[in-house]
Each structure stands twice: as structure tokens, then as C-alpha cells.
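The analysis underlying the following values was restricted to heavy atoms, covering all of them including side chains, and did not include hydrogens, waters or symmetry mates. Naming convention: chains lettered A, B, ... in sequence-line order (proteins, then strands); numbering from 1 in each chain.
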Amino acid sequence: MESYQARKVEEKWQKKWLDGDVYKVNLDDSAEKYYNLVMFPYPSGDRLHIGHWYNYGPADSWGRYMKMQGKNVFQPMGYDSFGLPAENYAIKTGVHPSESIETNTAKMTDQMSKIGAMWNWEQSVKTSDPSYYKWTQWVFLELFKNDLAYKKKAPVNWCPSCKTVLANEQVQNGSCERCKSEVTKRDLNQWFFKISDYAEKLLDHDGLDWPAKTVTMQKNWIGRSEGCNIHFPMEEGEDLLSCYTTRPDTIYSVTFIVMAPEHPLVDEFVKGTKYEAEVEKVRKEISKQSIIERTSEGGKNKLGAFLGKYAINPVNGRKLPVYIANFALMYGTGIVMADAHDQRDFEFANKYDIPLEFVISEDGSVIKPEDFKGAYTGDGILFNSGGFNGMNNREALPKIVEFLQNSGNGEATINYKLRDWLISRQRYWGAPIPVVYDPEGNAHPVPEEHLPWVLPTDVDFKPTGESPIANSKELVERTEKIFGKGWRPEVDTMDTFMCSSWYYLRYLSSGDEGKAFDKEVMKKWMPVDMYIGGPEHACMHLLYARFVNMALHDLGHIDFKEPFKKLVHQGMVTKDGAKMSKSKGNVVSPDSFVEKYGSDVFRMYLMFMGPFTAGGDWNDKGITGIARFVDKFWKMVCTENEVKDEKAFITAIHKLIKKMTRDMDNMHYNTVIAAMMEFLNLIPKIGMDEGSKKVLARLMEPIAPHLAEECWEKLGCKGSIFEAGWPEYDEALTVDATVRLGVQINGKVRGDIELAKDASEDEAVAAAKAVENVMKYLVEGEIIKVIYVPGRILGFVIKPN
RNA sequence: GCCCAGAUGGCGGAAUUGGUAGACGCGCCAGACUCAAAAUCUGGUUCCCGCAAGGGAGUGAGGGUUCAAUUCCCUCUCUGGGCACCA
């Protein structure tokens, strides 16, 4: 018998699928909709790597499983084609990105079709197409017009290698998320989105079926903290220093104040005084510190300077010297009350000889900082705290807030770590920010009729740190022609995360150039039912997309708040337990394996390696097991066979459907495949029924689509396998007539017995006593307890004689 | 430092609500076919003792609850991920 010819078969079906309309979607179909979305790739010139396959293969299997259940599945695919990868590739090869994007996406589309996935290419998008970024610009303008976008001069993250600014989310451990270079700070005039306005809404994940870990990561990133602003009057003058604290219970211990070096009041305080020179010097030193030095690692090196001013503690009148300090950030109010109950303050005070006082101790007895090596950060009983003496500090906390509030010296406040989203980029290959400036320098939106506000081509796109399109004559001429002499265009482009924050809506427009998206179609199709992609996007893309979606909702454009109902992250494929990387030289390239075994086998082996969300370890030889299985399956279909044991066969097939259904529901593809293997191993014993071959083919459809179709055809079936759908099982038929169960004596297995599934305890005990090895132990003592769990276990507890 | 996830044979990994640990696959061993090899097929394969029947140990380490623990509780070690001077 001929072995399964994977390549020939797959080529045949891929052609049929591309030419036919089985996989085309009718968005108006009345069947239950299912929006199955995978994070789209950026197009590179390279072949698909194993990560692509691990993402797209199993995701397609999920879509097929939904389609087998009769749902109208929408499974689009497109390209995140603006951005650094495409631009860097263009710089390297000298080919203009707009050209390389065309060739690379065409190549990639071809490869992705060879996975044998049912992508809806008719609804594809490319974020760098003017017909797409026209609407990205429209979204920007909607935010701008509604006060959710603004331009501001601020110290921002700068990547010296990428020569552009980065959003906070793109800085990881002080390094650029993309190129790993160390990020520095620069004062620049940049565009921001007010994502911080949405902090509270973004914290709410109710109704979302997301991994708990991702939700936690977003919550930590947003960083809500409840505290209190306390106002300290200056010794001289009218200024009030407002300090944010989560520990108002330590207010009586405050002995000094620290301010962020960037705080605008610092200049006011030292200008023209004898402290100015020293403060300037220290500030310069701090500004030279990298983010890492100033934050995590620099924790040991406290640095600051006295401003020559004093504030007054409103609760006890103490005179508090005011300092700048490197550890004080522009978070909260940028001013911090400092005391001996905080480790950082404690270290700073020791370095600069500032007095310290405790107000909390374990039992309320008076303790002195001089007797301690570090801060007292624990809880306890208050002392030297006016009317709050003797109280537990945590119980006193709300009362102190109330006291401050009543005396006008403070109020409860909530702070978030989430900062506004910086979207300007000083790079060429991105959507131009659709803003122009009048001769006075005021920003104006480019009216919608002039969208797309196209990216000029008459520039050198190599990054210099200045925006490349600043040198475009065409852009300036265009601006002056439309708006008048002296008007100037914005020359920064948008963060590509902006492009990808709404693409799932654009897919549903079917490329309509007249509007961003179709309200009616969206009403039916959104939110996305299943979103599959890497966990690295937890605090970037997934946060931005939720924000943009919520903003569009609040502006009345769409009627759903959350874009992604269910989210799943695929795991990582490793080689010998290690991350694959070019530098380690342990990268597995899919091509040769796909060439040799076919796409079904390759996809199935990836799914077989481990649970989808956990990933797995690639083994060059392991894939042969799947190849053998596919061949075995094909031969089983081609061989005439008959059932040898009717009862056992029926039970086995119903059990198989049940197990595969349950494991498919949970994306446990590894055990789905194992179940089918087990069934095939059973056939020599129980036989195989001709009619049931069709059932097996249907079960294989999601995980090995080419093979399934070929078998379907071979078995003489007409029409799409999807019309037959996913097989159903009868629960009553999944139960074996007899069960084998272990017999335990004092917790140790001493034998096993075969019983009718509903055997009584007496029958079970009788059967057990017939087992010689069981009896051997039973006679050694007196049975004091029998545990019988039908179908599971029979246990004896005996007391030795 | 804080938070989360995990640790099971030579390897990847299975194990409904606590109920015969090691499914399935790789690898390995033996056999069949072959002049031979590959491919394929059959059997075996957690470790230790034993010809076998069987016994002992065993799911990162140590304790606990239970007739029974990979599963529940406590302590610890290691690995991966995230956050990190956020007052």
C-alpha cells in the first residue's frame, strides 16, 4: 500500500481552498458568528520562523474546531507593516520600505497559505497602506478633537540606537524593548494620548475571559495606589508643599521634605540664593544618571541637596528642611514628606545629617532612630502622635486623614503609576501625525477631507534623530498650499502601536475606503471571541487596544467597551530547554521539516509537544512519531476492516469523541492527538468499522486539515467536511461494561479485580478475596474498615493480629 | 526585595472532584523481514533486589492531614516570567 503523500495531497487541497469558497466568510450570514483573531505579524524578509507556526497553526486549528461546530468563523490575517523592523530592513537593503513591504508581504502571504490555514485574505489589512492609515489618522483626530491627545514638552525616554523616543511601556529594565540599548532621558516636545484618564476603566477586567496573569500584569502596570495629599506651608511666603503619601499615619514623624529635581518650584526656591550653585550641580549629576542608576540599582546611592528653605509640619509645627533627592520622582505631586519609617528617607537623612524621629513601635513604647540601623517599616502602636497616641497605626490611618481633611491640611487622593502614552516617533516609516501649525505655532488638525495625510517620499529615511520627513519639500509645499503661507506640518510619525490598536475593527470594514469601520457589521461581529498572541504584549498592545477601543466607545463610534472577550497566550518553543536565538545557533527552521513531512505533520508535532499555553521543547526526532501516526491513519482509512468486538468498539469511539471534545475545548491539543493515537493502537484488538472512518476524519479536521479532507474524499464523501460537523457522542455509551480497579490494603496496592461497573461492595470484596496476593495480606490481621469507591478503588484497612 | 507560575523516567509530557503514577510520543533494548542497511512490524522499557511470583523505593527537599496525596496544608530549595527608590 502506498504511503501517505503529504506534499502532493497538501498542494492539491491548498489550491482548492484558495480557489474555492469554503473558507470565504459571509459577514452577513445568519449562523452564529465567531471572530477568531491572531495577532498579526510585522512583515520581514525572512521565512516564517517556528514562532509564527506555533502561533498560527494551533490558532487555525481552533478556528476550524469552531467551524466544525457550525459557527460562521471569521479568521482574518494582515500585516503590521509600519515600524522599525520594516524600516531597518529597508535601511539595510537600500530598498524603499514601501517597495520591500510589497514583496515581503506577498512572500509571507504565500508561506502562510502553505500552513494550510483558512485565512480570510479578502478582509486583510496592511497598516502602511494609505487606505489603512487614513483611518489611523482619523482615530488620532477623534482623540485630538476630544481632548484625549495633547502636545507637551517633557522629559521622555530616548533610544540612542533607534534614534527615537519611546513610550514608558517600551522601556524594559531601562532598555529599549526592541534593540536592548540603554535608554536615556531627553526634554522634548511630544504628542501624548491621555491614557491616564482611563486608568480606572482599564483596571476593570470584569466579564473578560483573560489569563489571570495578564490581568495582574496590567493592574500592576496601571498601579493604583490610595493615599493622601498633605499640605505643608512654607516657613516664609505663601507656597504650600503638597506631598503625596500612602502613610499619613507617620505624619508626626516627618522631619524633612524631598522634592523631585525636575519639580518647577525648585528653581523658584534657589534662584539667586547661595544654594543655587550646589543645587544646580547635584541636579546635573542626577540628570546624568541613567534610568537604572537612578531607580533600581541606584537604590544604594542617595543623592540630593538642601534648597535653603523650610516647611512647617501642620500637625506639630516642626520646621522641616526642604531638599531635592534623586529618589524623588515626578509621581504623585513630586514632593514627598520624609521620615524614619521609610527606608529611603532613613538612608538619605543619615547621609545628610538630618534628624529623625519614630512614632510607631511594636508596643507603643518610645524608641529612637539612633538605636536602629534602618527604618522601622512595620506596623505597631503610635506614640508622640498627639491625639492618636496608643492607637494601632493602621486603625489610626483613616482617622488621621479625616483629621487632616477637617483642618484643611490634606485630603484623600488616588494615584496611578500609568503615565500618558507618548506616541510621537522621530522615524520615517510610520503614519504621519495629521497636524499642522499656523504661523504662530498653534496646532490644528488636518481636516478629514485631506486624509490620508500621506507620508512624503522625497526624503532620506535613514534615522538621524531628527524626524526624516522634516526635510521633505513636498510636505511643506502641500501644507502651505492647503493652509496658507507660513503654515508648517508636524514632522513626527505615530508609534506603530497606534496602528495596531484598532486593526481588529478595520478587518470588518472589508476595505471600505469611505469609512473607518462599518457600524452595523461591528454590532454583530464585535467583540473578538478569541484573541491569540504572545504574552509580551500584556502591557503594550493589549493595553493600548483596550484604551483606544474604550475611547472610541465613549465618543459614540462603537457600542462595546472591551475589544477582546477571550484571550489566550501561546507558550514558547524551546530547543533543549533553551530559548531559540540566532546567537546561540539553536534556531529550528520549519522549512526543511515541512518539506519532508508536510504542514499537517509539522503543525501536529508543534501541538503534540506540550499544552498550547505552556509551549514545548523541540526535538528533531520527535516529529517522526507524528509522521508515523499520519501514515498509520491514512493506511487505516485505506484498509478494509471490520469490527471484532462490537461492544468494545462502540465504547472506544464514544470515549474518543468525548475526550477529544473536552480537550479541544481547553486547547489541550497534545492530549487530543494522544487520544487519537491510543484509538489507532486499539484497532488491532477491537477492529474498525467502515462507517466510523468518517467520524475519525471529522475528528482530525481541526488538527490535520489536509489529511482529513483527503480521507473525506477517499471515503467517497461529497461536499464540505464542515457540513458534517464535529461528531457527537452519547454519554451512556462512553462507559465500559466492566472496570478494572485496584485493591489497596492499608494504602498499598496489592492486586486488581475486574468488576461490573455497578457492582456492589459485597461483590467487590468477594472478588478481592479471590485474589491470592490480596488474601495473603488480609489474613494477617482484622479488617476494621472497607472503602469502596465504585469504578475507582477498593481499600481495606486492617489491624495486624 | 515584592508578585505570579512551575519542578513527574534517559527526553517532551499524561493523570476528572484526593483513588492502580508514568497515558501518548521520542529514545533505548530484543526479535521478525533483509545478503546488509534504511523503512516497517512485534515485544519490552521508572529505579533497586529477584529466574520468576513478588517485594522495596519513587512525582524538587523536609514535615503534616488522610484508609489513600503528583493532587490539600506548612516550611524550604531551584527554575521561568513580571514588577521594582511609585513615598
Q) Just how far, in rounded Å, is C1' of B:G82 from CE of A:Met217? A) 5 Å
Q: Using a cut-off of strictly less than 4.0 Å, decide whether A:Arg419 has a side-chain nitrogen or oxygen near OP1 or OP2 of B:C86.
A: no
Q: Would you indicate what A:Pro535 reaches in the nucleic acid, counting non-hydrogen atoms under 4.0 angstrom: base, sugar-phosphate, or nothing?
A: nothing
Q) For atom P, what is the distance between B:C51 and B:A61, given to the nearest Å? A) 30 Å
(Q) Does a side-chain N or O of A:Tyr331 approach OP1 or OP2 of B:A87 to a distance below 4.0 Å, or not? (A) yes
Q. With a 4.0 Å cut-off on heavy atoms, is A:Asn415 in touch with a base, just the backbone sugar-phosphate, or nothing at all?
A. nothing
**Q.** Who pairs with B:U66 - Watson-Crick or G-U, where each distance is under 3.5 Å
**A.** none
Q.
For the P atoms, the ones on B:U8 and on B:G13, what distance do you get once it is rounded to whole angstrom?
A. 9 Å
(Q) Heavy atoms only, 4.0 Å cut-off, all strands: where does A:Asn670 land among base, sugar-phosphate and nothing? (A) sugar-phosphate
Q) Between B:U75 and B:C85, how far is it from one C1' atom to the other, in whole Å? A) 31 Å
(Q) Using whole Å, what does the distance between atom P of nucleotide B:U40 and atom CZ of A:Phe629 come to? (A) 15 Å
Q. Just to confirm, is there a sub-4.0 Å distance from OP1 or OP2 of B:U16 to any side-chain nitrogen or oxygen of A:Lys655?
A. no
Q: Quick one: classify the glycosidic conformation of B:G9 as syn or anti, with syn meaning within 90° of 0.
A: syn
Q) Is A:Arg224 touching bases, backbone alone, or none of the nucleic acid, heavy atoms closer than 4.0 Å? A) nothing
Q. NZ/A:Lys575 to CG/A:Asn586 distance, rounded to the nearest 0.5 angstrom?
A. 7.0 Å
Q. Between B:G60 and B:A7, how far is it from one C1' atom to the other, in whole Å?
A. 6 Å
Q.
Just N and O in the side chain of A:Asn220: are any of them under 4.0 Å from OP1 or OP2 of B:A84?
A. no
**Q.** Distance between C1' atoms of B:G22 and B:C3 (Å, rounded)
**A.** 33 Å
Q: Report yes if a side-chain nitrogen or oxygen of A:Thr216 is closer than 4.0 Å to either non-bridging phosphate oxygen (OP1 or OP2) of B:G82; otherwise report no.
A: no
Q.
A side-chain contact here means heavy atoms from C-beta on lying under 4.5 Å apart; do A:Asp342 and A:Val336 qualify?
A. no
Q. Are A:Lys417 and A:Tyr331 in a cation-pi contact, defined as NZ or CZ under 6.0 Å from the six-membered ring centre and within 45° of the axis?
A. no
Q. A:Tyr788 has an atom OH; how far is it from atom C1' of B:G19, in whole Å?
A. 13 Å
**Q.** From A:Ile703 atom CD1 to A:Met607 atom CE, the distance as rounded to the nearest 0.5 Å
**A.** 5.5 Å
Q.
Can you identify which nucleotide, out of B:G27, B:G25, B:G55, has its nearest atom closest to the A:Lys621 side chain?
A. B:G27
Q. To the nearest 0.5 Å, how far apart are CG in A:Asp345 and OH in A:Tyr323?
A. 12.5 Å
(Q) When both hydrogen-bonding distances must be under 3.5 Å and the geometry is Watson-Crick or G-U wobble, what is B:C76 paired with, if anything? (A) B:G60
Q.
Heavy atoms from C-beta onward define the side chain here; which of B:G27, B:G81, B:C24 lies closest to that of A:Met677?
A. B:C24
Q: Take atom CE of A:Met604 and atom P of B:C26, then tell me their distance rounded to the nearest Å.
A: 13 Å
Q | Nearest-nucleotide pick for A:Ile787, side chain only, options being B:G19, B:A87, B:U20 | A | B:G19
(Q) Starting the side chain at C-beta, find the nucleotide from B:C67, B:G55, B:C85 nearest to A:Val797. (A) B:C67
Q. A:Phe679 near the nucleic acid: base, sugar-phosphate alone, or nothing, with a heavy-atom cut-off under 4.0 Å?
A. nothing
Q: Quickly work out the A:Gln343 CD to B:A87 P distance and round it to whole Å.
A: 16 Å
Q) Across the strands shown, which category fits A:Gly742 at heavy-atom distances under 4.0 angstrom: base, sugar-phosphate, nothing? A) base
(Q) Just to be sure I understand the geometry, which residues of residues 571-581 of chain A put a non-hydrogen atom under 4.0 Å away from RNA chain B? (A) A:Lys579
Q: Using both distances under 3.5 Å as the test, list the Watson-Crick or G-U wobble partner of B:A14, or none.
A: none
Q | 5'-most by nearest nucleotide on RNA chain B - A:Lys658 or A:Lys785 | A | A:Lys658
(Q) Any side-chain N or O of A:Tyr777 below 4.0 angstrom from OP1/OP2 of B:G55? (A) yes
Q: Could you tell me whether A:Lys417 contacts a base, only the sugar-phosphate backbone, or nothing, with contacts defined as non-hydrogen atoms closer than 4.0 Å?
A: base
**Q.** Mate of B:G31 where both pairing distances stay under 3.5 Å, Watson-Crick or G-U
**A.** B:C41
(Q) So, OP1 or OP2 of B:G56: does either fall under 4.0 Å of a side-chain N or O from A:Arg750? (A) yes
Q | Integer-rounded Å distance: B:C11 P and A:Asp620 CG | A | 18 Å
Q: Let me know the distance between CG of A:Asn746 and C1' of B:G19, rounded to the nearest Å.
A: 15 Å
(Q) Any N or O donor-acceptor pair under 3.5 Å from the base of B:U16 to the side chain of A:Arg792? (A) no
(Q) Tell me if the centroids of the rings in A:Tyr597 and A:Tyr605 come within less than 6.0 Å of each other. (A) no
Q.
Whether the side chain of A:Arg740 and the base of B:U20 hold a donor-acceptor pair under 3.5 Å is what I'd like checked.
A. no
Q.
In this structure, is the centre-to-centre distance between the rings of A:Trp618 and A:Phe593 below 6.0 Å?
A. yes
Q. Is it true that A:Arg283 and A:Glu262 make a salt bridge, defined as a side-chain N closer than 4.0 Å to a carboxylate O?
A. no
Q: Remember a base hit wins even if backbone is also touched, and classify A:Arg628 as base, sugar-phosphate or nothing at under 4.0 Å, heavy atoms.
A: sugar-phosphate
(Q) Do A:Asn681 and A:Lys632 pair up side chain to side chain, a donor and an acceptor below 3.5 Å, judged on atom types alone? (A) yes
Q: Provide the distance between the two P atoms, one in B:G44 and one in B:C24, to the nearest whole Å.
A: 11 Å
Q.
Taking the nucleotide of RNA chain B with the nearest heavy atom to each, does A:Thr671 or A:Pro684 sit closer to the 5' end?
A. A:Thr671
Q. Who are the side chain to side chain donor-acceptor pair (under 3.5 Å) partners of A:Glu357, not counting sequence neighbours?
A. none
Q. For atom C1', what is the distance between B:U70 and B:U59, given to the nearest Å?
A. 5 Å
Q) Considering only side-chain heavy atoms of A:Val749, which listed nucleotide, B:A21, B:G81, B:C86, is closest? A) B:A21
**Q.** Nucleotide of B:U20, B:G27, B:C85 approaching A:Phe327 most closely (side-chain heavy atoms)
**A.** B:C85
Q: To the nearest Å, give me how far apart CG (A:Asp665) and C1' (B:U16) are.
A: 14 Å
Q. Taking the six-membered ring for Trp, are the ring centroids of A:Phe256 and A:Tyr352 within less than 6.0 Å of each other?
A. no
Q: Identify whether any heavy atom of A:Leu741 sits under 4.0 Å from a base atom; if not, whether one sits that close to sugar-phosphate; answer base, sugar-phosphate or nothing.
A: base
Q: Assess whether atom NZ of A:Lys799 is packed by more than 12 heavy atoms of other residues, nucleotides or ligands within 6.0 Å.
A: no
Q: If B:C2 has a Watson-Crick or G-U wobble mate with both distances under 3.5 Å, name it; if not, just say none.
A: B:G82
(Q) Suppose you measure atom C1' in B:G64 against the same atom in B:C49; what distance do you get, rounded to whole Å? (A) 31 Å
Q: Could you check whether A:Gln744 gets within reach of a base, just the sugar-phosphate, or nothing at all, counting any heavy atom under 4.0 Å?
A: base
